[in-house]
Each structure stands twice: as structure tokens, then as C-alpha cells.
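Letters A, B, ... mirror the listed sequences (proteins, then strands); counts begin at 1. The analysis underlying the following values was restricted to heavy atoms, covering all of them including side chains, and did not include hydrogens, waters or symmetry mates.
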2 protein chains.
Amino acid sequence: MTQEETNTEEKILEAAKNVFLKKGMAGSRMQEIADEANINKSLLHYYYRSKEKLFLAVFRFAVKQFIPGIRDIILSEKPIVRKIEMFVDSYIEILFQHPFVPIFIIQEIQRDPDVLSGALMESGVDPQEILQVFYDAIDRGEIRPINPLEIMLNMLSLCIFPFAAKPVMQRVFFDNNEDAYMRFLEKRKKTVTEFMIKAIKP
Amino acid sequence: MTQEETNTEEKILEAAKNVFLKKGMAGSRMQEIADEANINKSLLHYYYRSKEKLFLAVFRFAVKQFIPGIRDIILSEKPIVRKIEMFVDSYIEILFQHPFVPIFIIQEIQRDPDVLSGALMESGVDPQEILQVFYDAIDRGEIRPINPLEIMLNMLSLCIFPFAAKPVMQRVFFDNNEDAYMRFLEKRKKTVTEFMIKAIKP
DNA sequence: GTCTATATGGCGATAGAC
DNA sequence: GTCTATCGCCATATAGAC
């Protein structure tokens with residue numbers, strides 16, 4: 001990216017991200033990754049022993065994109081409304097930078113449900129710790145009584161799904177005008193926050 | 001299903017649904033579909049000329065699953081709140097019957113964005129006609145001023161995403177207990193409706 | 001480290017017997 | 001209509017020169 005003269009191993013990983021994230025494991029070809037990286041196909045095997053190994057490197061990267069920010073925001077010392085606003089805002093921003101990641105993860109986990117476990121353990125996120133924040137907010141009367149899991153899942157749904165379903169939605173509702181759909185998604189930083197807050201206020 | 005002695009062509013289509021919906025076009029093998037149907041591989045080519053043709057038959061089926069019910073409910077003569085309740089309820093019910101369909105459609109449209117157009121035309125759904133219903137409800141003061149597209153997209157997000165992300169959510173929040181997650185999704189017929197209504201009431 | 005050439009296996013598709 | 005056998009291609013992976 002910034003570094004034009006990057007070493008081969010990194011060039012390969014970048015190229016592999018571009019291809020695997022868009023087309024998934026089964027839909028990707030090693031030749032295509034090599035072309036994307038402007039290197040010879042056999043170099044892929046020199047640096048990463050197999051397609052599977054290269055794929056796993058990309059998968060681990062993908063999972064990490066969507067973990068770290070969450071914890072810090074939710075556990076910070078702010079009113080719950082402000083936490084939701086920050087979460088939605090930063091999550092949608094990440095999705096603009098990595099729009100293919102969610103569908104990629106969903107797709108590949110159906111193929112092999114175990115690939116997630118390892119990547120998730122490394123991240124050190126404790127689901128219960130997150131949910132407890134919402135339980136406390138309910139106790140303090142900041143939000144209405146509602147299963148915190150619903151809050152988290154609904155928030156993730158409202159952020160992620162519009163990116164995952166972009167090709168469909170763009171076609172059906174936006175005449176396949178990509179810019180228009182992107183502007184619509186940008187505005188959702190505000191509208192999703194508003195939607196969430198109205199839905200869970202006491 | 002009910003008919004044990006079904007003809008070969010139908011057996012093939014059923015088997016193809018099972019395989020394609022779970023693994024997608026690139027991840028599926030003709031041999032696997034043949035095994036699933038308990039027939040010889042070359043019979044697939046006898047009834048459907050190619051893998052692509054067989055796939056398209058499955059894709060058209062998938063799209064149709066999620067079209068017809070929508071229109072009737074949204075355009076019916078009922079209060080908007082009741083429409084939303086019925087929509088969420090029936091949509092989640094369809095998802096219980098065909099949990100792989102949304103992710104399948106999303107996945108394959110990324111591969112080839114044109115496959116949707118044909119299947120969508122046949123269905124005869126007019127997006128503007130649907131959105132107009134919400135504009136009218138806003139004019140009558142039944143709901144707060146909000147872009148109808150947000151309502152539709154949010155409703156679809158809240159229904160679909162929890163099914164698409166099932167393998168992840170189940171693992172992270174339910175100790176990989178499938179029954180528990182399914183009961184949670186069943187309850188969402190009520191909680192999503194409630195969530196939606198609170199979010200858009202005037 | 002990087003290349004060309006090639007091995008090896010799998011998959012979609014077809015030919016042809018019955 | 002259904003089967004067996006096989007073709008031809010393409011993809012992963014490796015061998016070996018430089």
C-alpha cells in the first residue's frame with residue numbers, strides 16, 4: 001500500500017486477500033493470486049506450502065479485522081447510548097474498508113465450522129463480559145428490559161447485512177447505481193444509531 | 001419427501017438443492033449431487049445438460065422462495081404495525097425451512113451479478129410499490145418520518161442475518177448448542193417485531 | 001529466491017453398450 | 001433411461017535449472 005517496494009511474501013498475502021475475500025476458497029485459483037501479485041505461481045508454494053495454508057492466513061486476518069475495536073468501545077466508561085453510537089459508527093467504517101470480510105467469514109465457516117475457533121481464541125474476547133455491560137444498563141434504567149443478546153445481534157445485523165447483501169439491494173432498490181448505494185450506507189451511521197436507540201430506550 | 005417413489009428428474013433437483021444451497025456453485029461436485037440422489041453421475045447430464053444449467057434451476061427456486069409472500073403481506077389492507085408483525089413472522093418461518101437460501105443467493109450474486117435479474121423479473125415484484133406503502137403510513141402518522149428503504153432493509157437484516165451468521169453466533173454465544181440457538185431464533189418472531197415497532201413509531 | 005517444465009489427480013462432459 | 005468407460009482439461013503441487 002504505502003510501501004511500493006514490499007517483499008514477496010507480503011505481496012502474496014495482499015494478493016491472496018484480494019482474491020480469497022471476493023471469491024472464497026473454492027472459487028479462487030492459485031494462478032489468479034499469482035497474477036494479482038505479479039509473481040510466478042510456484043512462488044506461492046515456496047512461501048506458503050499449500051493453498052489451504054495460504055487461505056488460513058487470509059482467514060485469520062479477516063477475523064481479526066472485526067474483533068479488537070468492539071471490546072474497547074463497549075467496555076468504555078460512557079453512557080450506553082454513546083457506546084452504541086460509537087460502535088455503529090466505527091463498525092460501519094470498518095465495513096467500508098473491508099466490505100467482503102463478513103460474507104467471506106460466513107461462507108467459509110459453513111464449509112468448515114472449526115476454522116473459527118482458533119482465530120477467536122487468540123482474540124481474547126469474552127462474550128459474557130460484553131453482555132454484562134447491557135445487563136448493567138438495564139439495571140440502571142438506561143434501556144428497557146431486553147435480552148442483551150438481542151441488542152448485540154440486532155446491532156450487528158443492521159451494520160453487516162446491508163454490506164453483505166449489497167449486490168442484491170443495489171440492484172433491486174438503486175438501479176445498480178453503486179455510488180448511490182454507498183452514500184446510503186454512509187448515512188446509516190446516523191440512522192442505524194437512531195433506530196437502535198429508539199428501539200431499546202425505556 | 002412425501003412421495004417416496006418420485007421420478008429421476010425431481011430426485012436430481014432435490015439433491016442439487018441440498019448440495020448447491022450448502023456449498024455454492026464452485027464448492028459443489030456433480031459426483032456429490034449424484035450420490036445424494038442415489039443415481040449415476042451421467043444421468044445428471046442426461047436431464048440437465050450441464051452443471052451450469054442445473055445450478056440455474058436451483059438458483060431460480062431459491063429466489064422464488066423469498067418473493068411471493070412479501071408482496072401480499074405488505075400490500076394487504078391492515079395497519080402497518082400488523083403488516084410488520086406478519087412479515088417478520090412469515091419471513092422467519094421461511095428461513096427455518098430454507099436457512100441456506102439467503103447466504104446462497106448473496107454468495108452467487110457476487111460471482112455473477114446478472115443471474116439475479118432474470119429470476120427477479122419473473123417474480124413481478126415492484127420495489128417502488130412496496131416502498132409506497134410505508135410513505136403512505138408516514139403521511140397518515142402511523143409511523144415516524146423515516147426513509148422506507150431503511151425500514152425494509154432493517155427488517156430484512158434483522159430476519160436474515162441471524163440465520164446467515166448462525167455458525168458464528170451459535171459458537172460465540174451458545175456454546176455451539178444448536179437447539180438453544182434455534183429456540184432463540186424462534187422467539188425472535190416476537191422480539192424483532194417489538195424491536196421494529198418501537199424503532200419506527202411516531 | 002525465482003523461474004520453466006512437468007507430474008498427479010480430479011472434475012465436467014461425452015460415447016456407446018444395454 | 002440408465003449404466004460403464006473414458007476423454008480432455010484444468011488446478012494443485014513438485015522437480016530441477018539458474
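For the pair B/Y47 OH and C/dG12 P, the computed distance is 20 Å after rounding to whole Å. Computed from coordinates, the A/Y46 OH to C/dG1 P distance equals 5 Å when rounded to whole Å. One atom, CD of B/E32, and another, C1' of C/dG10, lie 14 Å apart when rounded to the nearest Å. In this structure, the NE2 atom of B/H45 is 17 Å from the P atom of C/dG16, given to the nearest Å. Across the protein-nucleic acid pair, B/Q31 atom CD and C/dG12 atom P stand 9 Å apart, rounded to whole Å. What separates NZ of B/K51 from P of C/dG12 is a distance of 5 Å, to the nearest Å. Look at CZ on A/R29: it is 12 Å from C1' on C/dG10, rounded to the nearest Å. Regarding A/I12, its CD1 atom lies at a distance of 11 Å from the C1' atom of C/dG1, rounded to whole Å.
The number of heavy-atom neighbours closer than 6.0 Å to CZ of A/R144, taken from other residues, nucleotides and ligands shown, is above 12. Atom CG of A/D175 sits in a sparse spot, with 12 or fewer heavy atoms from other residues, nucleotides or ligands closer than 6.0 Å. Counting heavy-atom neighbours within 6.0 Å of A/D139 CG, excluding the residue itself, gives a total above 12.
With C/dT2, D/dC3, D/dA13 as the choices, the nucleotide that has an atom nearest any side-chain atom of A/L43 turns out to be C/dT2.
Taking side-chain N and O atoms only, A/S50 has no distance below 4.0 Å to OP1 or OP2 of D/dT12.
No N or O donor and acceptor, one from the side chain of B/S42 and one from the base of D/dT2, sit under 3.5 Å apart.
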Dump the intermediate steps for side chain to side chain donor-acceptor pair (under 3.5 Å) on B/E14 and B/N18, then the final yes or no.
CA-CA 6 Å; B/E14 275 312 303; B/N18 288 340; 5.5 Å; no

